[in-house]
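For reference, the structure is listed below as structure tokens.
Remember, it's a predicted structure, so these values are computed and weren't measured experimentally. Every chain is numbered from 1 and lettered A, B, ... according to where its sequence line falls, protein lines coming before strand lines.
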2 protein chains.
Amino acid sequence: MRMNEGVEWALHSCVNMTWLDPEEAVTAKRLAAFYELPAAYLNKQLQSLVKAGILTSISGPRGGFRLARRPDQITLLDIVTAIEGREDAFRCESILRKGPGGNPEVDYRAHCEISMTMRQAELAWRRELAGKTVADMAATVARKYPQAPDGTRARFASLRG
Amino acid sequence: MRMNEGVEWALHSCVNMTWLDPEEAVTAKRLAAFYELPAAYLNKQLQSLVKAGILTSISGPRGGFRLARRPDQITLLDIVTAIEGREDAFRCESILRKGPGGNPEVDYRAHCEISMTMRQAELAWRRELAGKTVADMAATVARKYPQAPDGTRARFASLRG
DNA sequence: GAATAATTACTCGGATAAGGTATGTCCGAGTCTCCAAGG
DNA sequence: CCTTGGAGACTCGGACATACCTTATCCGAGTAATTATTC
């Protein structure tokens, strides 16, 4: 059980975009150069965020990506779900159907005790992620490292791309 | 982010073993036949449970697997960890090292806000799983489906292997 | 000088390869059982 | 009848293939800025 690398990239990228002018678009190339990541692959991940309505994309010169809504309206769960998909990590395969008294018609995700318990645990995980927004992250970082916002803007400005 | 299929198999198998005589060993072949699973692969997963100290294995005729300790002493987290390993799903790659002010010496798992928040969410997940034991599962199933224990024993007895 | 139209360069977006992990299979080492032979 | 030795069969355990998903890359469609041209 291993989360996509893109989740980490997407989270950091979204927090970084918080420091920028809301109208300003940043290219995937610059976002990638920021952490020395592969640009084309990061671009692919950002596309997932666009489809999920988290980012807005702009084509052509002076194009790029920007946050589609206020940072306090974007939860970490939104980003994780956009990259990883909506399915649970534990996918109940309804193996009880093959056991004694198994019924092919029954949806065991709603009846199998193990399936429900595993689902409950994932809900706790999701609840935690849904309780934190990109704005929360940015605020904490800015408090602990006051130079971060300006430093980020400066770095973006200096990056060729 | 997709959990190993073996986790579901291991959970169901452990609950099933709860119904059996604690001294009685069940072969991987029978456990697999119970849900029509691939025997050799299930055997591989059960080996992980043995290494984790959850099951005890016995070689030779009349051999097989049995629970290494009381079902109320085996949490779902124990089983998940045995199969999936101890690492977090979200593995912080410390990409901040490459950013402005990045320090190659710093362990960002303890300083990166995003890393810590993701870790916190996984802790909530683990806490849920650690709070449920195999005995809890078995008890709930037995209450909802009183015929389950006898039915399970009967099925094991009827399986060739 | 201003408006307009063609050109150009730059961006995202999706289609296309490469690598790694989960899945699945196989055979050998060890061991318990069963059976037969001998006391 | 009881003991003992050996053959046999069965089990786990780990080494060996396969398939799928993640990771990575590339090129084309579209677009906005730019430049040259005309009025």
Side-chain angles (χ1 to χ4, degrees), chain A residues 1-10 13 17 23-33 35-52 54-66 68 80 82-85 87 89-91 93 95 159-161, chain B residues 1-10 13 17 23-33 35-66 68 80 82-85 87 89-91 93 95 156 159-161:
Chain A
M1 189 178 56
R2 189 172 155 184
M3 191 172 290
N4 279 9
E5 191 71 7
V7 171
E8 187 177 14
W9 303 353
S13 293
M17 286 193 231
E23 296 303 316
E24 183 180 2
V26 189
T27 67
K29 195 186 279 186
R30 285 194 187 196
L31 282 167
Y35 295 121
E36 301 180 13
L37 303 174
Y41 188 36
L42 176 63
N43 186 21
K44 191 181 181 68
Q45 310 286 6
L46 296 177
Q47 284 175 33
S48 299
L49 297 183
V50 172
K51 282 184 183 172
I54 297 168
L55 297 183
T56 299
S57 66
I58 300 154
S59 280
R62 304 285 296 169
F65 298 90
R66 61 179 179 78
V80 170
I83 303 289
E84 286 290 340
E87 286 196 24
F90 180 89
R91 287 178 300 98
E93 293 294 341
I95 66 177
L159 289 172
R160 286 291 112 215
Chain B
M1 190 179 54
R2 190 173 155 183
M3 191 172 291
N4 280 9
E5 191 70 8
V7 172
E8 187 178 13
W9 303 354
S13 294
M17 286 193 232
E23 296 303 316
E24 183 181 3
V26 190
T27 67
K29 195 186 280 185
R30 285 194 187 197
L31 282 167
Y35 295 120
E36 300 180 14
L37 304 173
Y41 189 35
L42 176 63
N43 185 21
K44 192 183 179 70
Q45 310 287 6
L46 296 177
Q47 284 175 33
S48 299
L49 297 183
V50 172
K51 281 185 183 171
I54 296 168
L55 297 183
T56 301
S57 65
I58 300 155
S59 280
R62 303 285 298 170
F65 298 90
R66 62 180 178 76
V80 169
I83 303 288
E84 285 290 340
E87 286 197 24
F90 181 89
R91 286 178 298 95
E93 294 294 343
I95 66 178
F156 273 127
L159 290 171
R160 286 290 112 216

Check: Which atom pair, heavy atoms only, marks the closest approach of A/Leu42 to A/Ala28?
Finding: CD2-O, 3.9 Å
Checklist line | Phosphate contact (C/dG13 OP1 or OP2) by A/Ser57 side-chain N/O below 4.0 Å | finding: yes
Note to self: Tell me the interatomic distance from B/Ile58, atom CD1, to C/dT33, atom P, rounded to whole angstroms.
What the structure shows: 10 Å
Notebook entry, point to check: With sugar-phosphate meaning primed atoms plus P, OP1 and OP2, does A/Leu46 contact a base, only sugar-phosphate, or nothing at under 4.0 Å between heavy atoms?
Noted result: nothing
Next item on the list: Round to the nearest Å and state the distance from A/Arg2 atom CZ to C/dG20 atom C1'.
Entry: 8 Å
Check: Can you check whether B/Phe90's main-chain N or O pairs, donor with acceptor, with A/Glu8's side chain at less than 3.5 Å?
Finding: no
Notebook entry, point to check: How does protein reach along nucleotides 25-30 of chain C, written 5' to 3' as B (base within reach of a heavy atom under 4.0 Å), S (only sugar-phosphate), or - (no contact)?
Noted result: BB---B
Notebook entry, point to check: In whole angstroms, how far is the C1' atom of C/dT8 from the CZ atom of A/Arg62?
Noted result: 17 Å
Notebook entry, point to check: Between A/Asn4 (CG) and D/dC21 (P), how many Å, whole number?
Noted result: 12 Å
Notebook entry, point to check: Is there a donor-acceptor contact under 3.5 Å from the side chain of B/Gln45 to the main chain of B/Ala10?
Noted result: no
Check: Taking atom CZ of B/Arg91 as the centre, does the number of heavy atoms from other residues, nucleotides or ligands within less than 6.0 Å exceed 12?
Finding: yes
Notebook entry, point to check: For A/Gln47 and C/dG14, is the shortest distance between a side-chain N/O and OP1 or OP2 below 4.0 Å?
Noted result: yes
Next item on the list: Starting at atom CZ of A/Arg30, determine the distance to atom P of C/dC10, rounded to an integer number of angstrom.
Entry: 12 Å
Margin query: Categorize A/Ala28 for me: base, sugar-phosphate, or nothing, with a 4.0 angstrom heavy-atom threshold over every strand shown.
Written below: sugar-phosphate
Note to self: So does B/Glu24 get a backbone contact from the side chain of B/Arg66, meaning a donor-acceptor N/O pair under 3.5 Å?
What the structure shows: no
Check: Quick one: which of A/Leu49, A/Ile54, A/Val50, A/Thr56 gives a side chain to side chain contact (heavy atoms under 4.5 Å, CB included) with A/Phe65?
Finding: A/Val50
Notebook entry, point to check: Rounding to a whole Å, what distance do you find between A/Met1:CE and C/dA22:C1'?
Noted result: 14 Å
Notebook entry, point to check: Given atom CD of B/Gln45 and atom P of D/dC12, what is their separation to the nearest angstrom?
Noted result: 14 Å
Checklist line | With A/Arg2 via salt bridge (Lys or Arg N to Asp or Glu O under 4.0 Å) - residues at least two apart | finding: none
Notebook entry, point to check: Tell me: CE of A/Met3 to C1' of C/dT21, nearest whole Å?
Noted result: 17 Å
